[in-house]
Amino acid sequence: MPLPTPQSNFVQGSESHLCALFPHRYDYLWAEHPAPGERPQWQTQSKHPLTDRLIQQGAFLYGVRFGTQTNYFLLDIDQHSAYHPSRDPLAIQRLTAAFEQIGIVAYVAVTSSQSGGLHLYFPYPIAQKSYQIGRVVQAIAQNAGFKVKPGHLEIFPNARPYQEKLSLYAGHRLPLQLGSYLLNQNFEPLFTTEAEFVRQWTFAQARNEVSMETIGQTWKIAQRQERAITKNAAKFLNDLDAEIEPGWTGYGQTNWILSKVADREFIFRHVLSGGAPLEGETLVAAILHVVTALPGYKEFCRHQQDIEERVRDWARCVEKHRYHYGGTKAKLMGNSSPPSKPLNQNVLKAEDAQRRIREAVADLTAKNELPSAITARRKAIERYGISPTTLNKYRSLWHPIELDHTLKKQAENTPVKKVPEALSNQEVQTLTSNKLSDAPAAPPEQAGISTDRVGGCGGDFIPPESKQKLLSRIEQGRRQQAETQSSVTSLEAKRQQRAEVQYQIQLTQWLKSGDPILIKEARGRLGLPQPPL
């Protein structure tokens with residue numbers, strides 16, 4: 001059964017419709033009116049409850065806390081917060097849009113005091129457990145990229161661990177006291193009365209259809225999320241959020257943002273939402289939904305006409321090269337390799353450094369400007385903005401000796417067509433067999449006889465013209481043998497050079513193939529960043 005809505009007669013003798021909206025009056029806060037520019041010194045009064053007449057008297061500032069249940073929650077945004085409308089006109093709109101998943105769509109906005117801070121009240125018809133609604137609201141805000149901390153963004157009732165149920169909830173000052181005024185949709189002051197505040201409260205309350213079932217489900221997800229993610233994974237997730245939430249701030253950022261959104265939705269979304277890991281069309285839809293809603297998308301993204309195609313490319317990429325949080329590389333690679341920790345910032349920086357070195361070497365090679373001397377090569381690569389420390393760390397990517405050794409290994413692993421072996425002297429010069437002997441006739445020089453006759457047993461006389469032709473064929477065979485031996489001598493060097501050229505040609509073909517997966521693979525092997533948009 002639903003919890004009962006707090007009644008307006010919670011305090012006996014309630015004389016104000018406004019005061020009736022805040023029925024929990026025990027352990028209330030009070031403070032003397034501060035001097036201009038100073039903060040009030042709040043104190044807690046636990047000896048008696050706060051009454052309507054004390055509030056209406058106005059001799060002090062008053063604030064209230066929360067009981068075990070509440071039919072509203074409150075957001076406190078400081079004037080100097082990054083989410084204040086004076087600094088980010090769309091931050092509150094993004095934040096309130098995130099609450100739609102639990103049925104919250106309307107609020108009442110007032111200035112909290114003369115300091116210019118904001119209080120946003122979110123009332124709803126059916127009261128909810130205070131510890132649940134506080135935890136749920138905080139989880140939704142954090143998942144949307146907002147940081148909940150004092151002086152920046154505060155939530156009432158505050159989220160607190162269940163074991164601290166006997167401690168008091170944080171209190172907030174009541175509305176419409178000195179310096180507190182109603183605000184319109186543009187956060188401009190309105191003529192303020194208690195009746196107008198109550199009217200707006202009632203209107204918002206009727207629109208916010210929150211159920212215990214919805215809050216309970218979201219709270220369970222928040223509890224699983226709190227327990228499931230390790231410290232390192234939380235750091236990785238926070239790094240992704242930091243890259244994603246600002247959205248586009250200029251041109252040429254589409255690939256970078258898509259890669260981060262794809263990583264977050266594929267690796268962590270099932271943990272954040274409590275559902276199954278995203279794959280296939282579900283993953284594409286999730287990435288597309290996040291990307292198109294980010295700030296600056298319409299202003300700076302130049303690929304809105306083919307954004308879905310690009311999202312599909314990145315979805316296929318992360319499914320091939322990433323694995324869901326809680327899974328292992330074994331599922332990705334199809335073997336029994338041990339689990340691996342999620343990528344951290346150090347790994348990303350190392351990969352970026354190696355890519356920049358490979359890119360510099362590839363660019364210098366393409367321009368035929370890569371020096372062979374170590375010092376000259378180092379200085380040439382440093383001109384690409386790469387520090388000496390980074391070059392020392394990854395010597396195998398640029399150092400002449402170590403790079404040649406690496407290319408040699410690659411060449412040895414590349415199959416090369418077998419070259420026929422050269423014929424020996426004997427095979428080149430051997431004549432037809434002697435008809436009067438089982439053994440082949442020896443060449444004239446080796447027989448030690450005149451070249452005018454063959455065989456030494458009365459063979460036919462060789463005319464001078466035939467003898468000259470025979471000697472020419474012998475000399476030609478010797479020259480062919482010398483050329484073959486020379487080619488064999490340089491075969492190893494040529495094979496290495498050919499293997500390297502074939503490897504570069506293959507990567508070049510991948511880059512020009514138009515296949516996003518082959519392009520990404522080629523740029524990864526060459527260490528090239530994503531091309532500018």
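For the single chain, residues carry numbers from 1 onward in sequence order.
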Just one of Leu118, Val110, Leu190, Leu120 clears the side-chain contact (heavy atoms from CB on, under 4.5 Å) bar with Leu183, so which one? Leu118
Using 0.5 Å steps for rounding, measure from the CD atom of Glu382 to the OG atom of Ser387. 8.0 Å
Are any of the side-chain nitrogens in Arg264 or Glu243 under 4.0 Å away from the carboxylate oxygens of its partner? no
Taking side chain as C-beta onward, heavy atoms only, is Val137 less than 4.5 Å from Ile104? no
Nearest heavy atoms of Pro157 and Ser130, plus distance in Å: CG-O, 3.5 Å
For residues Ile307 and Leu258, determine if any side-chain heavy atom of one lies less than 4.5 Å from a side-chain heavy atom of the other. yes
If you compare all heavy atoms of Trp42 against all heavy atoms of Leu29, which two are closest, and at what distance to 0.1 Å? CE3-CB, 3.7 Å
Let me confirm one number: the OG1-CH2 distance from Thr254 to Trp314, rounded to the nearest 0.5 Å. 11.5 Å
Angle between ring planes, Phe197 versus Trp201, binned at 30° and 60°: parallel, tilted or perpendicular? tilted
Report yes or no: is the cationic atom of Arg302 (NZ for Lys, CZ for Arg) closer than 6.0 Å to the six-membered ring centre of Tyr251, at no more than 45° off its axis? yes
Within a radius of less than 6.0 Å around CD of Gln185, do more than 12 heavy atoms belonging to other residues, nucleotides or ligands occur? no
Without swapping roles, check the side chain of Thr202 against the backbone of Val198 for a donor-acceptor pair under 3.5 Å. yes
Measure the shortest side-chain to side-chain distance between Thr389 and Asn392 over non-hydrogen atoms and say whether it is less than 4.5 angstrom. no
Strictly distance-based, threshold 3.5 Å: is any side-chain N or O of Thr292 a donor or acceptor partner for the main-chain N or O of Leu288? yes
May I ask you to test the Leu61-Pro34 pair for a side-chain heavy-atom distance under 4.5 Å? yes
When you look at CD of Glu299, are more than 12 heavy atoms from neighbouring residues, nucleotides or ligands closer to it than 6.0 Å? yes
Which atom of Trp248 lies closest to which atom of Gly296, heavy atoms considered: CB-O, 3.4 Å
As an exercise, state the distance from NZ of Lys47 to CD of Gln45, rounded to the nearest 0.5 Å. 6.5 Å
Is there a donor-acceptor contact under 3.5 Å linking the side chains of Gln253 and Thr249? yes
Val318 vs Asp263, test: side chain to side chain contact (heavy atoms under 4.5 Å, CB included). Steps then yes/no. CA-CA 7 Å; Val318 295; Asp263 278 348; 3.4 Å; yes
Rounding to 0.5 Å, atoms CG (Leu95) and CG (Leu153) come to a distance of 6.5 Å
Do Ser115 and Ser113 have side-chain N/O donor and acceptor atoms under 3.5 Å apart? yes
Is there a donor-acceptor contact under 3.5 Å from the side chain of Asn71 to the main chain of Ile126? no
Is any side-chain heavy atom of Ile92 closer than 4.5 Å to one of Phe187? yes
Give the minimum heavy-atom separation between Pro49 and Tyr28, together with the two atoms involved. C-CE2, 3.8 Å
Without swapping roles, check the side chain of Ser81 against the backbone of Ile77 for a donor-acceptor pair under 3.5 Å. no
Report the C-alpha distance between Gln128 and Gln132 in whole Å, list the side-chain angles of each, state the deciding distance to 0.1 Å, and finish with yes or no for side-chain hydrogen bond (donor to acceptor under 3.5 Å, both in side chains). CA-CA 7 Å; Gln128 305 295 325; Gln132 280 191 348; over 6 Å; no
Closest non-hydrogen atoms of Arg312 and Val284, given as atom of the first, atom of the second and distance, are CG-CG1, 3.9 Å
Does a side-chain N-to-carboxylate-O contact under 4.0 Å join Asp52 and Arg25? yes
Can you check side chain to side chain contact (heavy atoms under 4.5 Å, CB included) on His324 and Glu279, steps first, answer last? CA-CA 10 Å; His324 302 297; Glu279 296 178 347; 3.2 Å; yes
Under 4.0 Å between a Lys/Arg side-chain N and an Asp/Glu carboxylate O for Arg355 and Glu359? no
May I have the step-by-step check of side chain to side chain contact (heavy atoms under 4.5 Å, CB included) for Tyr124 and Ile102, ending in yes or no? CA-CA 11 Å; Tyr124 39 85; Ile102 58 172; over 6 Å; no
Judged by modelled atom types alone, do Asp27 and Thr44 share a side-chain donor-acceptor pair under 3.5 Å? no
Examine His172 together with Phe66 and report whether their ring centres are nearer than 6.0 Å. yes
Does a donor on one side chain and an acceptor on the other come within less than 3.5 Å for Tyr107 and Asn208? no
Please walk me through it: do Phe73 and Phe156 pass side chain to side chain contact (heavy atoms under 4.5 Å, CB included)? CA-CA 6 Å; Phe73 65 86; Phe156 301 88; over 6 Å; no
Neighbour count >12 (heavy atoms, 6.0 Å) for atom OH, Tyr384: yes
Provide the closest heavy-atom pair for Ile287 versus Ala315 in the form atom of the first, atom of the second, distance. CD1-CB, 4.2 Å
With ring centroids as reference points, do Phe266 and Tyr323 lie under 6.0 angstrom apart? no
Atom CD in Glu319, atom CZ in Arg316: separation rounded to 0.5 Å? 9.5 Å
Any pair counted as side chain to side chain donor-acceptor pair (under 3.5 Å), so long as it reaches residues 145-154, sequence neighbours left out: Lys147-Asn238
Do Asp78 side-chain atoms and His80 backbone N/O form a donor-acceptor pair below 3.5 Å? yes
Is it true that the side chains of Glu309 and His303 contain a donor and an acceptor less than 3.5 Å apart? no
Under a 4.5 Å cut-off applied to non-hydrogen side-chain atoms, are Tyr297 and Gln304 in contact? yes
Mark yes or no for whether Arg87, through its side chain, and Ala82, through its backbone, hold a donor-acceptor pair below 3.5 Å. no
Hey, can you tell me if Phe22 and Tyr121 have their rings parallel, tilted or perpendicular (30° and 60° cut-offs)? perpendicular
Go through the steps for Trp30 and Tyr62 under the test ring pair (Phe, Tyr, Trp, His ring centres under 6.0 Å), then give the verdict. CA-CA 4 Å; Trp30 70 277; Tyr62 293 103; 7.9 Å; no
So, for Phe99 and Phe122, is the gap between ring centers shorter than 6.0 Å? yes
Report yes if some heavy atom in the side chain of Leu21 is under 4.5 Å from a heavy atom in the side chain of Leu18; otherwise report no. yes
Around atom CD of Glu32, are there more than 12 heavy atoms of other residues, nucleotides or ligands at under 6.0 Å? no
So, does Thr111 use its side chain to make a donor-acceptor pair with the main chain of Gly117 at under 3.5 Å? no
Counting only heavy atoms not in His289, do more than 12 sit closer than 6.0 Å to its NE2 atom? no
Are Ile244 and Leu294 packed together at the side-chain level, in the sense that at least one heavy-atom pair is separated by less than 4.5 angstrom? yes
Looking at CG of Leu178 and CZ of Arg173, how far apart are the two atoms once the value is rounded to the nearest 0.5 Å? 8.5 Å
